[in-house]
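Data first, discussion second: the structure below is written as structure tokens.
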Amino acid sequence: MDLNLDAPHSMGTTIIGVTYNGGVVLGADSRTSTGMYVANRASDKITQLTDNVYVCRSGSAADSQVVSDYVRYFLHQHTIQLGQPATVKVSANLIRMLAYNNKNMLQTGLIVGGWDKYEGGKIYGIPLGGTVVEQPFAIGGSGSSYLYGFFDQAWKENMTKEEAEQLVVKAVSLAIARDGASGGVVRTVIINEEGVTRNFYPGDQLQLWHEELEPQNSLLDILNAAGPEPMAM
Amino acid sequence: HRHAGMAVAGLAADGRQIVARGKSEARSYESVYGEAVPVKELSERVASYVHLCTLYWWLRPFGCGVILGGYDRDGPQLYLIEPSGISYRYFGAAIGKGKQAAKTEIEKLKLSEMTCREGVIEVAKIIYKLHDEAKDKAFELEMSWICEESKREHQKVPEDLLEEAKTAAKVALEEMDAD
């Protein structure tokens, strides 16, 4: 079986960013794979850039981490100079500069989401080539292929915070069901005027979809449990 | 960028240099950050350039002060940049030979209650009032503004308003002389 443990870490991934009435919800799965092997089954793909801006990473794990680190550094300086929090638009533009100018070397798709006092909640998608697209919702990663139709039908404007988060969790869990490169747990980050909330949905608590099996108890449980009493002599 | 403009007092050639630097800073900010430069940031960058020329013995300081006015997401703002390199935000400012007298006049105005149109006329009155027929050379009044009416862009005050302002100023002068 070819595991290819030397393959670069890639986050097959499903990442999602959704705006709602008052902020944004970012969601992601947690599988990082090295070829066929799952290098990290509980990774955190939603990374903080500033207090009010987070980014979902997909594609090459290393590339996306380095890009986020640079942008976090630039944004920190920018915030000091400006004297107030950076806007989501500026964060997206800085990422785009790095992504576009290094397009030959990088392989990472990112979704930037956050809240600022001028524009409110905003989502910007920055796919492979380095374009920036401002969208009411964005999906990315290998698992997103299975979600285009779902979002066309299920997304609506001005959802509440709860509706938006439920939509994101449902979508990531649907993608995990179909995409081999996505799996693990669902993490969400909600960003609005009040602040940031992180949530965690373990994989076994996610809804089961068509043809998915119930988690089975391990056979070991049966073997270890009711064994015959030692015979009394 | 069109959302900000500068007025220069002092050596004109030095002034051109500062304006060019301002344009270049605004352009570069926009190309990196993807949004129009906030007026505060622009004034800090221009001020730091002016300050630079006070640091080395082989550079002479700029021989002019600059008033920078702009309209960004936080509303309209006015900054004054002196040859020493300091930059402060003002609600009313003046530079040049008659600045002390001008400042006194500005303090008489109720700035928070004026519209930009009214401001144009008041400014013209002050300039005319301060001009001393005997001591100063003849002058031409040029004005520019940034407000809602100018669609938040820096532009020359429209002909008709300029004429209105000049007339009002001359009338005010005569009233004063009549006393």
Side-chain angles (χ1 to χ4, degrees), chain A residues 49-53 55 67-103 110-127 129-135 138 193, chain B residues 1-4 6 18 21-52 55 66 68-82 84-91 93 146-148 151-153:
Chain A
L49 294 180
T50 71
D51 288 341
N52 54 321
V53 179
V55 63
V67 168
S68 338
D69 286 347
Y70 268 116
V71 174
R72 190 179 310 121
Y73 168 63
F74 293 142
L75 281 175
H76 189 200
Q77 292 185 320
H78 183 66
T79 306
I80 292 173
Q81 277 185 303
L82 235 50
Q84 57 186 28
T87 59
V88 192
K89 187 162 171 204
V90 163
S91 315
N93 259 294
L94 287 174
I95 294 200
R96 186 257 308 177
M97 274 192 70
L98 285 173
Y100 178 74
N101 290 327
N102 298 295
K103 60 160 75 192
L110 301 156
I111 297 182
V112 181
W115 185 96
D116 63 59
K117 71 179 190 210
Y118 298 110
E119 304 269 347
K122 285 284 180 194
I123 293 280
Y124 291 85
I126 304 163
T131 72
V132 202
V133 184
E134 202 247 298
Q135 300 168 295
E193 190 178 1
Chain B
H1 203 95
R2 283 198 303 275
H3 69 299
M6 279 188 188
I18 296 187
R21 182 74 186 201
K23 286 187 193 170
S24 148
E25 293 283 2
R27 207 167 31 235
S28 98
Y29 181 97
E30 176 147 353
S31 89
V32 169
Y33 295 102
E35 57 167 20
V37 59
V39 190
K40 174 167 181 273
E41 178 72 21
L42 181 61
S43 84
E44 279 175 14
R45 290 193 179 195
V46 172
S48 107
Y49 176 64
V50 171
H51 177 241
L52 184 75
L55 293 174
V66 170
L68 169 69
Y71 205 131
D72 64 22
R73 271 187 315 213
D74 295 315
Q77 290 155 65
L78 189 71
Y79 288 87
L80 180 61
I81 305 167
E82 296 180 1
S84 60
I86 36 177
S87 151
Y88 284 121
R89 184 177 173 196
Y90 287 89
F91 290 99
I146 311 177
C147 53
E148 290 296 337
K151 301 198 182 80
R152 301 192 179 184
E153 292 190 352

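For the numbers below, each heavy atom of this structure counts, side chains included, while hydrogens, waters and symmetry mates do not. Note on naming: letters A, B, ... go to the chains in the order of the sequence lines (proteins, then strands), and numbering restarts at 1 for each one.
- Legend: residues meeting side-chain contact (heavy atoms from CB on, under 4.5 Å) with Asn102(A), ordered by chain and number and at least two apart, are Leu98(A), Met105(A), Leu106(A).
- When the shell of 6.0 Å around OH of Tyr73(A) is examined, it contains 12 or fewer heavy atoms from other residues, nucleotides or ligands.
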Derivation of the side chain to side chain contact (heavy atoms under 4.5 Å, CB included) call for Tyr118(A) and Asp74(B) = CA-CA 9 Å; Tyr118(A) 298 110; Asp74(B) 295 315; 2.6 Å; yes
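- No more than 12 heavy atoms of other residues, nucleotides or ligands lie within 6.0 Å of OH in Tyr100(A), so this atom counts as exposed by the packing criterion.
- Your options are Arg96(A), Met97(A), Lys89(A), and the one with the most heavy-atom pairs under 4.5 Å with chain B is Met97(A).
- When side chains are defined from C-beta on, Asn93(A) does not count as touching Val32(B), because their heavy atoms never get closer than 4.5 Å.
- By a heavy-atom distance cut of under 4.5 Å, His78(A), Gln81(A), Leu82(A) are the residues of residues 75-83 of chain A near chain B, going up by number.
- Heavy-atom distances place no part of Ser91(A) under 4.5 Å from chain B, backbone and side chain included.
- One finds the NZ atom of Lys40(B) at 7.5 Å from the CD atom of Gln84(A) (value rounded to the nearest 0.5 Å).
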